[in-house]
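What follows is a single structure, written as structure tokens, with notes after it.
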Amino acid sequence: MLITTTENIGRDYDILGLVKGSTVNSRHIGKDIGASFKTIVGGEIKGYTEMIEDAQNIAVGRMEDEAKKLGADAIVGMRLSTSSVMQSASEVTAYGTAVKFR
């Protein structure tokens, strides 16, 4: 399935509707302690980077599954959104417009 952040994909299509997928992920306490030390010395907190990447993949997969249920050929105007739900837990949402090629 084609997933793109643009709306113009060089083909005519009919809009099927909004599709979305989301997940809330957290790291375990050991990773949080390590991350706390990393904030003192600076640099990338790889455990959190991995957590967000995993969450993005899950959210995009769920969005794609929703589009497939509608019979979509593509998702246009795809966006990712993140938010902090609580300390050490982040929500990632993927959303876009499911379309069917003419």
Side-chain angles (χ1 to χ4, degrees):
M1 173 171 302
L2 174 67
I3 300 174
T4 179
T5 59
T6 64
E7 294 178 17
N8 183 357
I9 56 175
R11 294 183 69 172
D12 291 332
Y13 55 78
D14 294 318
I15 294 172
L16 300 178
L18 173 72
V19 288
K20 61 192 174 329
S22 65
T23 185
V24 176
N25 288 12
S26 67
R27 297 306 271 181
H28 61 75
I29 190 79
K31 295 279 187 178
D32 284 344
I33 292 169
S36 296
F37 291 125
K38 189 68 169 182
T39 60
I40 295 170
V41 296
E44 180 180 8
I45 303 171
K46 292 183 181 180
Y48 285 110
T49 300
E50 292 169 3
M51 178 187 73
I52 293 297
E53 288 175 359
D54 291 345
Q56 288 172 341
N57 290 334
I58 292 167
V60 170
R62 289 178 179 172
M63 175 190 64
E64 187 174 3
D65 289 345
E66 194 172 305
K68 286 178 182 176
K69 288 178 186 175
L70 295 176
D73 295 315
I75 300 169
V76 298
M78 196 279 293
R79 300 289 184 266
L80 286 168
S81 173
T82 62
S83 63
S84 178
V85 176
M86 56 185 267
Q87 186 175 359
S88 304
S90 294
E91 175 188 33
V92 175
T93 302
Y95 58 96
T97 303
V99 300
K100 183 84 173 161
F101 297 139
R102 291 187 187 156

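Please read all numbers here as calculations on a predicted model, not as lab measurements.
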Report, one line per pair, each donor and acceptor closer than 3.5 Å where one atom sits in a side chain of residues 62-73; sequence neighbours left out.
from: R62; atom 1: NH1; to: S22; atom 2: O; distance (Å): 2.7
from: E66; atom 1: OE2; to: K20; atom 2: N; distance (Å): 3.4
from: D73; atom 1: OD2; to: F101; atom 2: N; distance (Å): 2.8

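To the nearest 0.5 Å, the span separating OG1 on T93 from CD on E91 amounts to 4.0 Å.
Looking at residues two or more places apart in sequence or on another chain, you find a side chain to side chain donor-acceptor pair (under 3.5 Å) between R102 and D14. Applying the side chain to side chain donor-acceptor pair (under 3.5 Å) rule to T5 yields no partners; only residues at least two apart in sequence or on another chain are considered. Residues satisfying the side chain to side chain donor-acceptor pair (under 3.5 Å) criterion with T23, sequence neighbours excluded, are N25. Listed by chain and residue number, T4 satisfy the side chain to side chain donor-acceptor pair (under 3.5 Å) test with T6 (two or more places apart in sequence, or in another chain).
For the residue pair I75 and G96, the shortest heavy atom distance occurs at CG2-CA, 3.8 Å.
As a member of the Ile/Leu/Val/Met/Phe/Trp/Tyr network built from side-chain separations under 4.5 Å, Y95 groups with L18.
Residues I3 and I9 do not share a hydrophobic cluster, defined by chaining ILVMFWY side chains whose heavy atoms lie under 4.5 Å apart. By the rule that hydrophobic residues join a cluster once side-chain heavy atoms approach within less than 4.5 Å of another member, V19 and M1 end up as members of one cluster. In the hydrophobic clustering of this structure, Y13 does not group with M78; members are Ile, Leu, Val, Met, Phe, Trp, Tyr whose side-chain heavy atoms approach within less than 4.5 Å, directly or through other members.
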